[in-house]
Amino acid sequence: MSESREWYQEEHWVKVFTASPEEIDPDSYVTCTYYITPKEGLDLRSAGIYAAAEQSIGTWTTVKTMTERVYKLAGKVFHAEKISGEAGIVKIGFPLELFDIEAGISHLLSIVAGNLFGVGAVKGIRLLDVHLPKEYVKAFKGPKFGIEGVRRILGTDKSPRPHLGTIIKPKVGLGPKETAEAAYEAAAGGVDFIKDDETLTSQKFNPIEDRVTHVMDALDRVKEETGRTVLYAVDVTADYNQLWKNVETALDNGANCVMVDFLCTGLPALRALAEDPSVKVPVHVHRCLHAAMTRNPEHGIHMLVLAKLVRLAGGDQLHTGTAKGKMEKPGAGAPTLLENYSGVRGVRYINDFLRSEWFGLKTTLPVASGGIHPALVPANLELLGYPDIQLNAGGGIHGHPWGSRAGAMAMRQAIEAYMQKVPLEEYAKKHPELREALQYWGTKFLGEE
C-alpha cells in the first residue's frame, strides 16, 4: 500500500465503496444522508468512503479475509456535494442484505449510525435522513391509532381541527388530588389532551395508581358535563420491567392514553408497548434527551431520523418542536442550503413526513410544545401545518392570571380565531380570557428565531 495514501483512497477501495446514483435501487438499499465535515487534509468523498466502509464491511486497514462475496455487502457513496468549505452532503446506500430486519431498530441504528460519530476521519458527522425500503417498513406495525384513530376517540374526525393539549404544572410536586383538580379545570376549559410532565412517573408524592384514579374520575365528570372525551397520557417511563408494571397499573385504573420518553427507555420498548395487544390506548411519545443528539448542526442525529423511527416503532403522537416558543429549533445555524433540515422549515419537514403516506403505516400526530401561549398560536399553526397538529401549552394554560380553566379557554379561542381567519386582537374583544392572556404575556417568544 502506498505510504502517501490511506487505504480508502486507493483506486480498488474507491471502486468497492462508491456507486453511481442509478446503481442504488431504493427498494434494495437503505439510503442515508449525512452532513460530513472531513478531518484536515481529507476530501469529502474520501471521508464518505471511510464512513461507508466503517458501517458495512470495512475496517481501518486491508484485511486478508475480504472476499468478492463480502464486497457485495459494501456500503456505497453515491453522492458527495460540498456545501461549506470541505464539508457537505454525502449519501450512502447500504444493501438491504446487511440488515437483520427481525432484529429491528436496534440493529438498524448499529449500521446507519453506530461507530460513525467517533471515527477519526471526520471532524463531525450528522445523520440527516434515512430512506427505508418498503420491505423493511412493512416488517413493522407502526402506530395502532394514528391521527385518524385519535381523532375518532376525541370526536374531531368529522370536522378536523388542531388539538389542544396541556401538561400539568408545576412540573412535579403536586399530589394525586391536586393533579386531578388541575386536569379538571383545564379539561373543563376545553383541552383535548392532558399529559404528565416527562419527569413524573410514580414518585412517592404522586404514585401512578392514585394519580390515574383521581384524574380519570375528574375527566369522567368533564365527560358528563360537556360530552367531550379528554385523553390523559400517563407517563409510564421506566426500565423495562417496571415500565410494564406502570402500564398495567395505569390501564387497570382507567388510563385512556400512555406516554413514554422514548430515548430514555429505548425504541424497542416503545415498539413493544405499541404492538402489545393488551395496550388498547394511544401511545404519546415524548422526546426528552433528543437535543443531546439533534442540537449540534454539524454532528449527531437529526430529529427527522428519530421521528421516522418513532413512527416505525408505533408512536401515535410525537413532540417535534415549535415554530415559536422557548425551545431552540433543530439544526439552527446549519448551512442555508440544508433547508429541509434547519430551523422552522426543519420542524415542518418532520411534521409533513409524520402526516404523509408511508407504505401503508398509519400516521403520527405531530405535537408542538415548549413555551406556547395564545399569542403564538397563529404563527405555530401557519408555519407547522394544520389541522393535523396538537399544540401543548403548560405554563401557557396554568399560568393564566385567571387560572387553568381560563388559560385553556384562551388557547382554544386563539385556535378558533386562526381557523376563522380573524386576528387575535379582534377575536379578543368578545373573548375576555384571550384578551387577558394577550395582555399578560404579550408577544413573548414571538420574535425569536
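Numbering of residues begins at 1 and proceeds along the displayed sequence. Scope of the values below: all heavy atoms of this structure, side chains included, with no hydrogens, waters or symmetry mates.
Looking only at distances, a side-chain donor or acceptor of His107 sits under 3.5 Å from a matching main-chain atom of Asp100. Panel note: side chain Thr237, backbone Asp261; a donor-acceptor pair is recorded below 3.5 Å. At least one donor-acceptor pair closer than 3.5 Å links the side chain of Arg311 to the backbone N or O of Leu361. Although no hydrogens or angles enter the test, the distance criterion places no donor-acceptor pair under 3.5 Å between the side chain of Glu298 and the main chain of Arg126. Put simply, the side chain of Thr364 gets close to the backbone of Gly315: a donor and an acceptor are under 3.5 Å apart. When atom types are taken as modelled, the side chain of Asp192 and the backbone of Val230 share no donor-acceptor pair closer than 3.5 angstrom. Within the 3.5 Å criterion, the main-chain N or O of Leu318 finds no donor-acceptor partner in the side chain of Arg287. No donor-acceptor pair closer than 3.5 Å links the side chain of Lys91 to the backbone N or O of Thr31. Counting only distance, with no hydrogens or angles, the side chain of Gln242 and the backbone of Asp239 share no donor-acceptor pair below 3.5 Å. The main-chain N or O of His286 is never found under 3.5 Å from a side-chain atom of Gln317 such that the two would form a donor-acceptor pair.
For CD of Glu135, the number of neighbouring non-hydrogen atoms (other residues, nucleotides, ligands) closer than 6.0 Å is 12 at most. A 6.0 Å sphere centred on CD of Glu357 holds more than 12 heavy atoms belonging to other residues, nucleotides or ligands. For Glu248, the CD atom is loosely surrounded, since the number of other residues' heavy atoms within 6.0 Å does not exceed 12. Asp27 CG: more than 12 foreign heavy atoms inside a 6.0 Å radius.
Note: His302 and Tyr341 have perpendicular aromatic rings, judged against thresholds of 30 and 60 degrees for the angle between ring planes. Taking the six-membered ring where the residue is Trp, His373 and Phe445 present tilted rings, their angle falling between 30° and 60°. By the 30° and 60° cut-offs, the orientation of the rings of Phe353 relative to Trp358 is perpendicular.
The minimum heavy-atom distance linking Gly173 with Phe205 is given by the pair N-CE1, 3.5 Å. Closest approach of Ile167 to Ser369, counting heavy atoms only: CD1-OG, 4.0 Å. What you find for Val30 and Pro133 is that their closest heavy atoms are CG2-CD, 3.7 Å. Ser106 approaches Pro268 most closely through the heavy-atom pair OG-CG, 3.2 Å.
The side-chain heavy atoms of Leu44 and Val90, taken from C-beta on, include a pair separated by under 4.5 Å. Taking 4.5 Å as the limit, every side-chain heavy atom of Thr363 sits out of range of all side-chain heavy atoms of Glu148. Residues Val283 and Phe145 have side chains not in contact (no heavy-atom distance under 4.5 Å, counting atoms from C-beta outward). Side-chain contact between Tyr136 and Leu312 is present, with heavy atoms from C-beta onward closer than 4.5 Å. In this structure the side chain of Cys264 reaches within 4.5 angstrom of the side chain of Cys288, judged on heavy atoms. Taking 4.5 Å as the limit, some side-chain heavy atom of Asn340 sits within range of a side-chain heavy atom of Arg345. Looking at Asp276 and Trp244, their side chains come closer than 4.5 Å, going by heavy atoms from C-beta outward. Contact of the Ile194 side chain with the Val215 side chain is not registered, since no non-hydrogen atoms from C-beta on lie closer than 4.5 Å.
Put simply, CD1 on Ile208 and CD on Gln203 are 9.0 Å apart, with the number rounded to the nearest 0.5 Å. Note that the CD atom of Gln390 and the CG atom of Leu384 stand 13.0 Å from one another [nearest 0.5 Å]. Interatomic distance, OH of Tyr232 versus NE2 of His284, reported as 12.0 Å (0.5 Å rounding). In this structure, His319 NE2 and Met259 CE are separated by 6.5 Å, a value rounded to the nearest 0.5 Å. To the nearest 0.5 angstrom, Lys76 atom NZ is 12.0 Å from Ile92 atom CD1. With rounding to the nearest 0.5 Å, the separation of CD1 in Ile168 from CG in Asp235 is 13.0 Å.
For His400 and Tyr440, the ring centers are positioned 6.0 Å apart or more. Ring centers of Tyr386 and Tyr418: under 6.0 Å apart, within the cut-off.
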Output, in order, the C-alpha distance, side-chain angles, deciding distance and verdict of side chain to side chain contact (heavy atoms under 4.5 Å, CB included) for Val310 and Leu267. CA-CA 7 Å; Val310 165; Leu267 283 153; 4.2 Å; yes
Please lay out, stage by stage, how Val234 and Asp196 fare under the test side chain to side chain contact (heavy atoms under 4.5 Å, CB included). CA-CA 6 Å; Val234 184; Asp196 291 331; 3.9 Å; yes
Candidate pair Met293 and Leu263, rule side chain to side chain contact (heavy atoms under 4.5 Å, CB included), full reasoning: CA-CA 10 Å; Met293 304 179 194; Leu263 286 172; 3.9 Å; yes
Working for side chain to side chain contact (heavy atoms under 4.5 Å, CB included), residues Phe140 and Leu309: CA-CA 10 Å; Phe140 292 77; Leu309 299 181; over 6 Å; no
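Salt bridge status for Glu275 with Lys144: absent, with no side-chain N to carboxylate O gap under 4.0 Å. A salt bridge links Lys308 to Asp129: at least one charged side-chain nitrogen sits closer than 4.0 Å to a carboxylate oxygen. Of the charged side-chain nitrogens involved, at least one lies within less than 4.0 Å of a carboxylate oxygen, so that Lys82 and Glu86 count as a salt-bridged pair. A salt bridge links Asp197 to Lys169: one of the charged nitrogens lies within less than 4.0 Å of a carboxylate oxygen.
Applying side chain to side chain contact (heavy atoms under 4.5 Å, CB included) to Leu42 and the options Lys39, Arg45, Glu40 leaves one that passes, Lys39. Of the candidates His398, Lys195, Met411, Thr166 forms a side chain to side chain contact (heavy atoms under 4.5 Å, CB included) with just one, namely His398. If you run side chain to side chain contact (heavy atoms under 4.5 Å, CB included) between Leu243 and each of Leu270, Val260, Thr201, only Val260 comes through.
A donor-acceptor contact closer than 3.5 angstrom links the side chains of Asn206 and Thr179.
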